[in-house]
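Here the structure is laid out as structure tokens; the discussion comes afterwards.
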Amino acid sequence: MKIAKIETFRIPPRWLLVRIETDDGCVGWGEPVVEGRASTTEACVHELKPYLIGEDPRRVEHIWQTIYRGGFYRGGPVLSSALSGIDQALWDIKGKDLNVPIYDLLGGRVRDKMEMYSWIDSDTAEIAAKSALEKKAQGFNNVKMMGTDAIGWINDHKTITTFLEKVQAVRDAVGPDFGIAIDFHGRPHKGTAKTILKELEPLKPIFVEEPVIVENIDAFAELHKSTSIPLATGERNYMRWGFKDLLEKGCVDIIQPDLSHAGGISEVRRIAAMAESYDVALAPHCPLGPVALAACLQIDFACINSCIQEQSLGMAYNKGQELGAYLKDNAVFHYENGFVVPMKAPGLGIEVDEEIIRNMVEPNLEWKSPVFHHKDGSVSEW
Ligand SMILES: [Mg+2]
């Protein structure tokens, strides 16, 4: 079995898929995208073709090491994401070749079903409460909401108060036992973040994500010591080495490697094991498409410390194009009472609808992250 053909597809809303085909007709899919930098990542995937064409795709680890080490320069979002998508596609081929789901190749599943959470809209307190109740009615037991909008470097009490009113509205609507997670996207800085965390404690969020940007790792460690709320981060970290300091410094309770950024199924399996040895939970980041989510779930079913899974169904980015739209059977992502059951099909466990993908390709699709500004016109974190 040899790799014969590699194609990429840029599809709405902001996704990039890679299709790897072998000389005997086996096809594997991966999702090697950096949100907002899809064309750069796509170029990188094509630049890596010489490492792949003619190789045996079942040697997943050998190919991973060849791309990682053979290029001399490594890491960062673009190189890591290109490798991540390729790795997903190779595991998909390996599973299909052996006729087993990937989790069976990782030691078999450790759980019967995986708990999912859903994003809610939170433009106002009313919208946040209504959106959370809708998700509760759909069977979810946990939701995640965005933290504050752009917030000043020092205490910005108006912004904090408005934000707390939203969380209180959600808590009042869904009751005390419902999970509320809050993602700050690293918008606050340390001086503001410590105030926010203190004020949030009585509202009992299940975790707070990126209360500051993770590159400020010492600030993260300080905040971790100051709060009883579990802290999560890791969607912008790449490879084991990107998680090493975070774990060693004891900054985090939940790590969130992205299967399409952190090094693929091969590497996130290793990152999860590293985290387990620090008693840290895993919650793979996934605001992406169906292939990335399938890769996350294969890891979730194989890793004991995986605690909850993000997914993008109904997310603002996806308006007009949903998770299941590119699959022949979108029932694989049917969430019952907030859980998804293991996919039984081989490889990633999904059947990609190639015809729809080829029809939906937008080669010039250019989704970009919005740029946020403070009141004085200076740029804030997004
Ligand atoms: Mg996040």
Side-chain angles (χ1 to χ4, degrees), residues 115-213 223 226-233 235 254 256 283 285 287 308 310-319 322 335 337-338 369-376 380-382:
E115 184 147 44
M116 315 294 286
Y117 68 81
S118 183
W119 274 90
I120 57 169
D121 296 328
S122 57
D123 289 349
T124 66
E126 293 72 27
I127 290 170
K130 183 169 169 279
S131 185
L133 281 175
E134 281 167 10
K135 298 300 176 186
K136 193 178 183 185
Q138 288 168 20
F140 286 100
N141 303 305
N142 302 277
V143 294
K144 189 161 87 179
M145 59 188 288
M146 193 47 89
T148 60
D149 293 331
I151 182 163
W153 279 71
I154 56 168
N155 284 348
D156 180 344
H157 286 291
K158 186 165 180 294
T159 303
I160 294 173
T161 303
T162 305
F163 159 69
L164 290 168
E165 284 167 1
K166 291 181 191 177
V167 186
Q168 185 70 61
V170 174
R171 176 56 75 215
D172 291 344
V174 295
D177 300 325
F178 194 86
I180 305 170
I182 298 154
D183 184 357
F184 282 95
H185 261 208
R187 288 174 191 165
H189 295 273
K190 185 173 71 171
T192 312
K194 61 186 184 185
T195 308
I196 293 173
L197 289 173
K198 186 165 184 253
E199 301 276 352
L200 264 179
E201 283 189 5
L203 293 164
K204 296 190 167 37
I206 51 171
F207 64 83
V208 160
E209 178 174 333
E210 293 195 315
V212 290
I213 286 286
L223 290 171
S226 77
T227 182
S228 65
I229 301 170
L231 297 187
T233 191
E235 68 187 61
I254 301 159
Q256 302 170 300
H285 178 244
I308 198 161
E310 181 174 30
Q311 49 82 39
S312 70
L313 194 70
M315 224 173 170
Y317 309 118
N318 295 3
K319 291 280 148 63
E322 268 300 352
Y335 313 132
N337 297 320
S369 307
V371 177
F372 278 16
H373 296 91
H374 295 296
K375 286 185 224 89
D376 63 3
S380 76
E381 295 290 342
W382 169 47

Checking side chain to side chain donor-acceptor pair (under 3.5 Å) between Gln256 and each of Glu310, Glu209, His285, which is the one that passes? Glu209
side-chain contact (heavy atoms from CB on, under 4.5 Å) partner of Ile229, chosen from Leu197, Ile182, Leu203: Leu197
Counting C-beta onward and ignoring hydrogens, is there a side-chain heavy-atom pair between Phe372 and Glu381 closer than 4.5 Å? no
Work out which heavy atom in [X] is nearest to a heavy atom in [Y]; give both atom names and the distance.
X: Val212; Y: Lys190; value: CG1-N, 3.8 Å
X: His373; Y: Ala150; value: O-CB, 3.8 Å
X: His374; Y: Ile151; value: CE1-O, 3.1 Å
X: Trp119; Y: Gln311; value: CD1-O, 4.2 Å

Judged by atom type as modelled, is there a donor-acceptor pair below 3.5 Å linking the side chain of [X] to the main-chain atoms of [Y]?
X: Lys166; Y: Ser122; result: yes
X: Thr161; Y: His157; result: yes
X: Thr192; Y: Gly152; result: yes
X: His185; Y: Trp382; result: yes
X: Arg187; Y: Glu210; result: no
X: Ser131; Y: Ile120; result: no
X: Asn141; Y: Gly179; result: no
X: Lys136; Y: Val174; result: yes

